[in-house]
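Shown next, in structure tokens, is the structure this report addresses.
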Amino acid sequence: MVVGTLAAVVAGVAVWFSAGRAQQRAANLDQLEGACAGLLPREQLRGFVPGDSAGFREEYGTMLDPRQESRALLACTLSWGAGKWGPDALVRVRAEALIATQAEAADAGDRSIGDFPMPLPPGARGSTGADDRVKGSEVSASLQVECPRGLRGRSRPAERFQVLVELPSKADSEYDVPAADHLAAARTAVGVANWVLGRQNCGREPIRTDASPRPVEGSTPTKLCAWLDPDELGFADDEWEFSGDGTYDRRVGSCAGRIAGYGAPASMPVVGVTAESWSGEFARGAYERHAYAGTAPGRRAPAPATPTGSMVIKDSGSPPMLALWAESVCDGGPSYHRIAVTPALSIGEKKEVVVEGDDRKRFSTDARAALDRYLAASDSWPQRSHCRDTKILGEVEQWLR
């Protein structure tokens, strides 16, 4: 009887505890629904909402309360979990008018402008990034937008504003943050910017959010990527699948292809190709990002080779690539091109493979052939962008030695 009573009590406590967690999570989800003027990517953030603690929310700004004194049009913070070194997950959104001196400093300063994973119209520029946290990581987006009619309610004139967004990511480190998280941060920044544009009557069209840069995938390349012909280039004689831009964007271009099957064909042919181009501010940001990661030309010495030219490539868990970089002047300004080829390497139980000197030279020949074809093809990004004065910058060996 005592055992039965104890079991009933334990079961009752468990039910009560479970019901309490469910109620807390429901309250947190309601809080998420209305936070930051309803501009957050709620579906993506639901996975961070806990049931064992209440969320913390703080909002202010002149567009939420016109009578409030603040530099921010909108400032919002939402966090969950009280970790030792900060919350377990944190969301921040801020929209702020840039007065003339701030705008001039942003234009003249040493700013890092990276790829913004959505096409932006004239008068807008942006970047995304990632950083580590004690738990997981975070992804951020920055967006500057012009407001031709000026921002109302400011003591000093302002015709430009900035949006900053920080969202949590489940990736273990900043280097593992997926493209989907970068896109979510970018879409959130665009949503906030459009909210400001509309409520401030800026006199310009909203930034489109349906023009995702996600590449078109299929068994044949898109028109912009038709230059990527494995047969013409002498790459792996296998079935290939492709992805690439369906529409032209003067700031960035991308094409890729790889064999559809698995395994490593004999004689080490190329089984994967990626071509990327960036122009203007996108070019600067892309180069800085690769330089930081050590994958820009001149950042790493070539792998040591024997007198016969052979070398050892070790298993790193990622396909080894040889990247070839070039720079040009194109319609969008100074530009970079990067071609990366992936050779078929059969890494056995020793977790390494010996590449003979002639094969290593062929990797370089294959990369240069792909780059030359990319630069010359009539419908490729470099030709559509009228690129000229192209210079080869060098190779980057992206493999473990």
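Counting from 1, the numbers follow the sequence of the chain as shown.
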Would you please name every residue forming a salt bridge (Lys or Arg N to Asp or Glu O under 4.0 Å) with [X], sequence neighbours left out?
X: Arg373; value: none
X: Glu241; value: Arg258
X: Glu138; value: Arg133
X: Glu166; value: Arg92

With sequence neighbours excluded, give me every salt bridge (Lys or Arg N to Asp or Glu O under 4.0 Å) pair touching residues 218-227.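 For residues 218-227, and leaving out neighbouring residues, there are no salt bridge (Lys or Arg N to Asp or Glu O under 4.0 Å) pairs at all.
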Any salt bridge (Lys or Arg N to Asp or Glu O under 4.0 Å) involving residues 321-341? Give me the pairs, sequence neighbours left out, ordered by first then second residue.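 Counting only pairs at least two positions apart or across chains, the salt bridge (Lys or Arg N to Asp or Glu O under 4.0 Å) contacts touching residues 321-341 are Glu276-Arg338.
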Could you tell me if the side chain of Ile207 sits less than 4.5 Å from the side chain of Leu143, heavy atoms only?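 Yes, their side chains come closer than 4.5 Å.
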Leu151 versus Val196: any side-chain heavy-atom pair under 4.5 Å?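 Yes - at least one pair of side-chain heavy atoms lies under 4.5 Å apart.
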Does [X] use its side chain to pair, donor to acceptor, with the backbone of [Y] at less than 3.5 Å?
X: Asn28; Y: Ser53; result: yes
X: Thr365; Y: Lys361; result: yes
X: Thr295; Y: His290; result: yes
X: Gln383; Y: Leu375; result: yes
X: Ser335; Y: Gly333; result: yes

From [atom1] ([X]) to [atom2] ([Y]), nearest 0.5 Å:
X: Gln162; Y: Glu96; atom1: CD; atom2: CD; answer: 7.0 Å
X: Met268; Y: Asp366; atom1: CE; atom2: CG; answer: 12.5 Å
X: Leu322; Y: Ile339; atom1: CG; atom2: CD1; answer: 11.0 Å
X: Leu90; Y: Phe48; atom1: CG; atom2: CZ; answer: 11.0 Å

Side chain to side chain contact (heavy atoms under 4.5 Å, CB included) partners of [X], counting only residues at least two apart:
X: Tyr248; result: Leu224, Arg250, Trp381, Arg384, Ser385
X: Ile392; result: Leu324, Ala326, Arg368, Leu371
X: Pro221; result: Cys225, Phe242
X: Ala185; result: Val139, Ala141, Leu167

Around atom CG of Asp172, are there more than 12 heavy atoms from other residues, nucleotides or ligands closer than 6.0 Å?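 At most 12 heavy atoms, drawn from other residues, nucleotides or ligands, come within 6.0 Å of this atom.
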What verdict does the ring pair (Phe, Tyr, Trp, His ring centres under 6.0 Å) test give for Trp278 and Tyr287, after you've listed the backbone C-alpha separation in whole Å, the side-chain angles of each residue and the deciding distance to 0.1 Å? CA-CA 9 Å; Trp278 308 273; Tyr287 193 88; 9.1 Å; no
List, one per line, each side-chain donor-acceptor pair under 3.5 Å for residues 31-40, sequence neighbours excluded.
{"residue": "Gln31", "atom": "NE2", "partner": "Gly55", "partner atom": "O", "Å": "3.3"}
{"residue": "Glu33", "atom": "OE1", "partner": "Arg42", "partner atom": "NE", "Å": "3.3"}
{"residue": "Glu33", "atom": "OE2", "partner": "Arg42", "partner atom": "NE", "Å": "3.3"}

Residue that, paired with Ser328, satisfies side chain to side chain donor-acceptor pair (under 3.5 Å) out of His337, His386, Lys391, Arg388: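 Of all the options given, the one that passes is His337.
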Could you work out, with ring pair (Phe, Tyr, Trp, His ring centres under 6.0 Å) as the rule, every residue matching Phe363, not counting sequence neighbours?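 Testing Phe363 for ring pair (Phe, Tyr, Trp, His ring centres under 6.0 Å), a comparison that skips the adjacent residues, returns none.
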Tell me whether Arg187 is salt-bridged to Glu43, with the criterion being a basic N under 4.0 Å from an acidic carboxylate O.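 No, this pair does not count.
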